[in-house]
Amino acid sequence: TPTCEPGSLLCCKRDHYVDFHELGWQDWILQPEGYQLNYCSGQCPPHLAGSPGITASFHSAVFNLLKANSPWPSGPSCCVPTARRPLSLLYLDQNGNVVKTDVPDMVVEACGCS
Amino acid sequence: QRAGPRCPSCGLPTLQPQEERALVLELAKQQILEGLQLTSRPSISHPPHPAVLARALRRLQSKKVAQMNQVETISFAAETDSFSTPACGSILSFHLSTPLHLPPYHIRLWLHLQPTLAGTPSIQIFQWGLEREVQGNQTLLAEHRMTTQGWNALTLPSQALESTGSGVLKFKLVCRPHVGNATAARHLLLDTAGHHQPFLVIKTQARAPGGDRAKRR
């Protein structure tokens, strides 16, 4: 899915940068100075939720087709992350040690309909 | 709940921009703490001196591409007790708080030697703990011949971290003169103050996601 444009209604990736100064955490997180906290938002109407490529998985595509053709009402599909990448952090722990670690699944790279 | 536009994803009322921003920042905090397996942000009572920190970080820089899922910890010597020969008889203490989920594959102790070295003596590093304080009952971890003045990196075996149940690691350093140069050790000055605070670099693999789950039969 694409990055959200202003006024986007359909499921898309919303880019959002968080500065650690804003959190007041610059005294213990040494690097980076912030990170991309992207998130997913937007509608997942049935015709979109069942489309291959838009769905979060092949299972979702089949399941959404099933929901779309079911006579019983069911819950809506949600716009969720489908690809994430890790973030490397360099921080001070409570004993003043410097720790460098890779935190998995921190940055959302793509979104899709569940 | 208020009347008005609703969130297209979840059907809840849309937040005001300021509320949304506050929520996103709170989510960011939770995400980072969860990722680092912390319950709250650490309160650092004794942060390392900026110059010491910068120097240690420069030491970490490598031409090799960093591996993913690697946890690297730099621990500074918290206190230094000298005994008998103050020039090169020290006990270095390191306070580790990061749990090591997997055995470390790289432990290096960085020491700074003052440029008054005459000869090439060696340094013996012993594991030092409460139960090992009896003379003659200490474990020799490594012995290194010091070849250069300034910073020296000494590789330690993984058993060096075995006594970290309490999170405190102690090493006893003893200088030994080079054969044929008995005065060398007296001239070897281990620098432990100011910008030359010794530090330990530990590399280990991060715990794999879902690593705590029981194996399915």
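Chain A is the first sequence line, chain B the second, and so forth, proteins listed ahead of strands; every chain is numbered from 1.
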Report the distance from atom OH of A/Tyr35 to atom CD of B/Gln31, rounding to the nearest 0.5 Å. 4.0 Å

Part of A/Leu37 within contact of chain B (heavy atom distance under 4.5 Å): side chain

Top of A/Val103, A/Leu23, A/Val18 for chain B proximity - count of heavy-atom pairs under 4.5 angstrom: A/Leu23

Do side-chain atoms of A/Asp93 reach the backbone of B/Pro42 as a donor and acceptor pair under 3.5 angstrom? no

Using the side chain to side chain contact (heavy atoms under 4.5 Å, CB included) rule, pick out the option among A/Val99, A/Asn95, A/Asn97 that qualifies with B/Ser75. A/Asn97

Between CE of A/Met106 and CD1 of B/Ile32, what distance do you get to the nearest 0.5 Å? 4.5 Å

With side chains defined as the heavy atoms from C-beta onward, is the minimum distance between B/Leu38 and A/Gln94 less than 4.5 Å? no

So for atom CD, which belongs to B/Glu34, do other residues, nucleotides or ligands contribute more than 12 heavy atoms lying within a distance under 6.0 Å? no

Output, in order, the C-alpha distance, side-chain angles, deciding distance and verdict of side chain to side chain contact (heavy atoms under 4.5 Å, CB included) for B/Arg41 and A/Asp27. CA-CA 10 Å; B/Arg41 58 149 295 167; A/Asp27 60 330; 2.8 Å; yes

Find the distance between OH (A/Tyr91) and CD1 (B/Ile44) and round it off to the nearest 0.5 Å. 10.5 Å

Residues, nucleotides or ligands: over 12 heavy atoms within 6.0 Å of A/Gln26 CD: yes

Would you say NE2 of B/His106 has more than 12 non-hydrogen atoms from neighbouring residues, nucleotides or ligands within 6.0 angstrom? yes

